[in-house]
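Throughout, a chain's letter reflects where its sequence line sits, starting with A, and its residues are numbered from 1.
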Amino acid sequence: MTFSITTWNINSVRLRMPIVEQLLKERQPDVLCLQETKCPNELFPFEPFRALGYEHIEIHGQKGYHGVAVISKLPLSEGHRRDYCSVGDARHISVFLSPGGKRIRLHNFYVPAGGDEPDRSVNPKFGHKLDFVEEMRALRADSEDGVSSILVGDLNIAPLEHDVWSHKQMLKIVSHTPVETEGLLAVMREGNWLDLMRAHVPHHEKLYTWWSYRAKDWAAADRGRRLDHIWSSPDLGPHLKAIEVLKEARGWERPSDHVPVTAVFDF
DNA sequence: ATGGTCGACACTCGA
């Protein structure tokens with residue numbers, strides 16, 4: 001069977017329901033993982049998802065900020081939420097699912113952006129981001145026998161040289177500083193995670209998932225960053241059939257500044 | 001070199 005999973009930082013799920021429905025109708029991923037839903041749990045728009053055949057939904061939201069959700073055509077079980085850094089933010093949710101009989105633990109993350117100043121002594125938000133990534137190091141892709149893992153989300157770090165429009169000009173910009181990129185690569189290495197987007201797209205090719213709202217013309221400037229990621233345990237690598245970054249979604253009506261990223265597997 | 005744009009919620013914060 002084919003199994004597809006999409007991750008998208010939606011920057012307010014309620015405001016953006018029209019384009020979320022557009023994505024689901026056009027692409028029909030089996031699972032959609034959202035970040036920055038900015039929606040309290042009691043106000044989450046369950047009905048439009050159910051109407052499109054997405055009957056299995058696990059959410060972790062809060063008022064005003066952050067928030068993550070897993071929306072699925074396939075049954076979900078064993079939902080967990082971890083409060084990274086113990087600050088009460090809704091930035092992680094994990095579920096279990098079995099596409100085609102394959103047992104998979106799925107993690108959906110929204111890593112803190114980290115503010116503007118890349119120095120934890122003057123910017124506590126940057127320290128929080130580093131602490132969050134440090135805590136992610138404990139997460140192993142192959143911790144349980146017979147269970148594969150997928151990790152998706154807005155990790156707010158562009159780890160590789162060609163994950164940003166200008167490596168040199170970005171070295172002191174939060175999201176591409178060495179302490180962040182090395183930290184994220186350590187999470188990947190120590191947890192035995194495979195970067196599926198880069199398994200599919202050569203490292204020398206530019207690859208972005210986010211374009212700032214502040215650019216006059218985001219497409220002409222094309223100063224993007226790869227902040228959104230799909231990782232898996234190594235055993236799923238040979239099953240990966242495609243990666244799609246839906247760049248056109250950045251030009252949709254009232255867009256998010258992030259675009260959907262989809263991985264397609266054959267199990 | 002600097003300021004530029006969003007969204008939530010209630011005027012400022014986080015991104």
Review point. C1' atom, B/dC13 versus B/dC9: distance in rounded Å?
Key: 10 Å
**Study point:** C1' gap between B/dC11 and B/dG7, integer Å
**Key:** 14 Å
Point to revise | Spacing of the P atoms in B/dC6 and B/dA10 (rounded, Å) | key: 23 Å
Review point. Is NZ or CZ of A/Arg223 both nearer than 6.0 Å to the six-membered ring centre of A/Trp165 and within 45° of the ring axis?
Key: yes
Point to revise | nucleotides 5-13 of chain B: protein proximity per nucleotide (B base, S sugar-phosphate only, - neither; heavy atom, under 4.0 Å) | key: BSSSSS---
Practice item. Round to the nearest Å and state the distance from A/Phe126 atom CZ to B/dA15 atom C1'. Key: 15 Å
Practice item. Determine the interatomic distance between C1' on B/dA15 and the same-named atom on B/dG4; round to the nearest Å. Key: 14 Å
Exercise for review: Using the test salt bridge (Lys or Arg N to Asp or Glu O under 4.0 Å), find all partners of A/Glu182 that sit at least two apart in sequence or belong to another chain.
Suggested key: none
Check your understanding: A/Leu32 and side chain to side chain contact (heavy atoms under 4.5 Å, CB included): which partner among A/Val20, A/Val70, A/Ile57?
Key -> A/Val20
Review point. So does A/Lys172 have more than 12 non-hydrogen atoms from other groups sitting under 6.0 Å from NZ?
Key: no
Check your understanding: Below 6.0 angstrom between ring centroids: does that apply to A/His176 and A/His167?
Key -> yes
Review point. Quick check: are there more than 12 heavy atoms from other residues, nucleotides or ligands sitting under 6.0 Å from CD of A/Glu253?
Key: no
Exercise for review: Provide the distance between the two P atoms, one in B/dG3 and one in B/dA8, to the nearest whole Å.
Suggested key: 26 Å
Check your understanding: Tell me: CD of A/Gln169 to C1' of B/dT2, nearest whole Å?
Key -> 15 Å
Practice item. In whole angstrom, give the distance that lies between atom CZ of A/Arg223 and atom P of B/dG4. Key: 16 Å
Exercise for review: Report the distance from atom CG of A/Asp217 to atom C1' of B/dG4, rounded to the nearest whole Å.
Suggested key: 14 Å
Point to revise | Length of the CD1-P vector between A/Ile157 and B/dA15, whole Å | key: 13 Å
Review point. If you look at every strand shown and take non-hydrogen atoms under 4.0 Å, does A/Arg250 touch a base, only sugar-phosphate, or nothing?
Key: nothing
Review point. Aromatic rings A/Phe109 and A/His92: how do their planes relate, parallel, tilted or perpendicular, breaks at 30° and 60°?
Key: tilted
Check your understanding: Rounding to a whole Å, what distance do you find between A/Asp116:CG and B/dG14:C1'?
Key -> 10 Å
